[in-house]
Amino acid sequence: MTEQPLEVLIVEDEVLLATELEFLVEEAGCRAIGHAMSSDEAYDLATTFKPDLALVDVHLRDGPTGVEVARRIAENCSGVALFMTANIKRLPADFAGACGVIGKPYSEHGMKMALSYLRVCLRNGRAPGRPPAGLELAPVFAKRWGAFDYPLVV
Amino acid sequence: MGRDGTKHDMTDLTKSSGIDDPRVDLEAVVAERTQALTEALAQKTALLHEVDHRVKNNLQLISSLLLLQNRRAGDPAVKASLRGVLERINAIATVHRRLFQSEDVERFDVSAFVRDLISDMAGLSARDDIQIRLDLERVDVAAAKAAPLALVVSELLSNALCHAFPEGRAGEIFVGITRLGGDFRIEIADDGVGLETSARKLGFGLTIVQLLCQQLKARCETTAALPGTRVVVQLPVNGAHS
Ligand SMILES: Nc1ncnc2c1ncn2[C@@H]1O[C@H](COP(=O)(O)OP(=O)(O)OP(=O)(O)O)[C@@H](O)[C@H]1O
Ligand SMILES: [Mg+2]
């Protein structure tokens, strides 16, 4: 495969989480292109580097600004955002334009599976199957990628 | 008629308080009280969510710290210990991830978090030659029992993944959860090498299982599956075993 690795921006104010997440991103075959801790940093990095995917925590250094970050990335950049939050229920119904959410505390394996899954979705415009455990897709994206066209396997 | 037998003149009373209907007074008091209670409840719920949020974030922090430390560790024995701690923290995290995601915060679907747990553990083991077969019925337990239960399942599954199939030996692990009268039954079986009958050594993993089963008032039985090992944990859904 000579396919370009997915470029990922990490938006997370907890430095230890972000540091470990960079390793996970690389291990999942993606490329970590930067790390932002506040909404301003996130906009700057997103407009400069145009990442394919931004992993966005809801609570950043300047408050609960992650939702707005996701919305602006969806509107102004070509990439998509994925929320990482402990409070899934507080996200807006439209996911602020983000493609989905991974609940905290996520597991090492859960995050890697989510990244590989999204890589296929973003590259092919089509889901390779149902979303892996721990990943919840926004309804719009689940439909766009045909994530639920697959039978439920138990 | 008043209680003392005297006749109160209600018209006089309402006139003096400036209200035409005395019920208005009562309604106002009820409305005020209801609002105070509603506010108190909202505040309590908000606090609960705040604490839940912190617990989840701290669990994430703990596992990230352990993962980072594991990356730096060179000694395989140290790595193995860290992996063990990570696995146990992950079992607890799996439960907390699902907490507050459903409307009911008191009850907990065991099959849902066991399914997550299996996906993580089987995925991390990277053993494509081990098939996992599931038969999971929906069973709810009290939220307080969820974390110890997740730890028990994690230890037993970890043993099946690590010990039953030495490198090169393929096989199957079965995980079943069913209701059984007032109890529910968790079975973890493998068709691997089986337990050595001679000197049954209890490591830290099986010690944890033993202690938590005591706490949960559960019965844990290990039998030879010929081939392999079958462990059955039977847990009273409400109350204790007699
Ligand atoms: N399913 C199984 N198949 C074969 N052997 C098993 C199985 N489960 C347990 N054992 C044996 O029982 C021993 C004790 O297990 P126990 O979980 O207590 O400790 P451990 O797995 O060696 O280490 P840890 O404390 O990290 O769990 C194991 O070392 C293994 O030899
Ligand atoms: Mg063990």
Side-chain angles (χ1 to χ4, degrees), chain A residues 10 12-28 32 35 37 55-61 63-64 66-67 83-91 100-117 129-136 152-154, chain B residues 45-46 49-72 83 86-87 89-103 105 111-126 132-138 154 175:
Chain A
I10 295 168
E12 163 70 68
D13 65 337
E14 198 74 66
V15 182
L16 292 175
L17 288 199
T19 308
E20 171 54 27
L21 192 49
E22 273 182 47
F23 283 109
L24 290 184
V25 164
E26 299 280 339
E27 282 172 358
H35 166 215
M37 293 202 277
L55 301 173
V56 182
D57 180 18
V58 169
H59 280 268
L60 301 177
R61 187 183 265 174
V67 175
F83 285 116
M84 318 178 277
T85 177
N87 214 328
I88 291 182
K89 290 215 296 194
R90 225 182 276 171
L91 291 174
V101 59
I102 184 161
K104 281 182 179 177
Y106 53 78
S107 68
E108 173 193 14
H109 183 250
M111 178 55 88
K112 283 190 197 167
M113 293 302 284
L115 288 168
S116 336
Y117 180 85
R130 289 193 161 236
L135 174 67
E136 190 186 320
L152 188 67
V153 272
V154 271
Chain B
T45 309
H49 278 278
E50 176 63 29
V51 171
D52 169 62
H53 194 259
R54 284 191 198 172
V55 170
K56 283 173 173 161
N57 277 304
N58 282 339
L59 278 167
Q60 186 73 71
L61 191 59
I62 292 167
S63 68
S64 294
L65 260 174
L66 288 166
L67 280 166
L68 279 173
Q69 193 179 356
N70 186 46
R71 291 183 188 284
R72 294 181 69 118
R83 272 283 157 206
L86 260 167
E87 196 172 72
I89 299 287
N90 188 50
I92 299 168
T94 303
V95 167
H96 276 272
R97 193 181 309 134
R98 284 192 175 265
L99 211 57
F100 282 92
Q101 278 188 23
S102 60
E103 287 309 317
V105 279
S111 289
F113 72 72
V114 165
R115 194 173 283 121
D116 292 352
L117 200 60
I118 292 167
S119 148
D120 273 347
M121 293 179 68
L124 278 181
S125 80
I132 311 263
R133 192 162 57 86
L134 303 178
D135 184 8
L136 306 176
E137 196 180 310
R138 190 193 162 119
S154 167
V175 182

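Chain A is the first sequence line, chain B the second, and so forth, proteins listed ahead of strands; every chain is numbered from 1. What you see is a predicted model; the values in this text were computed from it and never measured. Scope of the values below: all heavy atoms of this structure, side chains included, with no hydrogens, waters or symmetry mates.
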In terms of heavy-atom pairs under 4.5 Å, which option from [options] contacts chain A the most?
{"options": "M121(B), H49(B), R83(B)", "value": "R83(B)"}
{"options": "L59(B), D116(B), L124(B)", "value": "L124(B)"}
{"options": "R54(B), R133(B), R97(B), R98(B)", "value": "R97(B)"}

Which answer fits [X], side chain, backbone, both or neither, if we ask what part of it has an atom under 4.5 Å from a heavy atom of chain B?
{"X": "L24(A)", "answer": "both"}
{"X": "L17(A)", "answer": "both"}
{"X": "K89(A)", "answer": "side chain"}

Open item on the list: Rounded at 0.5 Å granularity, tell me how far CE in M113(A) sits from OG in S119(B).
Closed with: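 Separation between the atoms: 6.5 Å.
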Task: Atom pair CG/CD of L16(A) and Q69(B) - distance to nearest 0.5 Å - done: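 Nearest 0.5 Å value for the CG-CD distance: 11.5 Å.
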- [ ] With a 4.5 angstrom heavy-atom cut-off, could you sort out which part of L65(B) is near chain A: side chain, backbone, both or neither?
- [x]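 Interface part for L65(B): side chain.
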- [ ] Could you tell me which non-hydrogen atom of A86(A) sits nearest to which non-hydrogen atom of N57(B), and how far apart they are?
- [x]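 In this case the closest contact between A86(A) and N57(B) is CB-ND2, 4.0 Å.
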Open item on the list: Is the shortest side-chain heavy-atom distance between S63(B) and E20(A) below 4.5 Å?
Closed with: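 A side-chain contact is absent here, since even the closest heavy-atom pair is not under 4.5 Å.
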Task: Side chains of H59(A) and H53(B) in contact at under 4.5 Å (non-hydrogen atoms) - done: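 H59(A) reaches H53(B) side chain to side chain.
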Task: Donor-acceptor contact present, side-chain Q60(B) to main-chain Y106(A), <3.5 Å - done: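 Indeed, once roles are kept as given, a pair shorter than 3.5 Å links the two residues.
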- [ ] May I ask you to say whether R71(B) pairs ionically with E22(A), meaning some side-chain N is under 4.0 Å from a carboxylate O?
- [x]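 No, no charged N to carboxylate O under 4.0 Å.
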Open item on the list: Under the side-chain contact (heavy atoms from CB on, under 4.5 Å) test against E108(A), which residue among N90(B), L66(B), D120(B), L67(B) passes?
Closed with: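 Exactly one candidate clears the test, L67(B).
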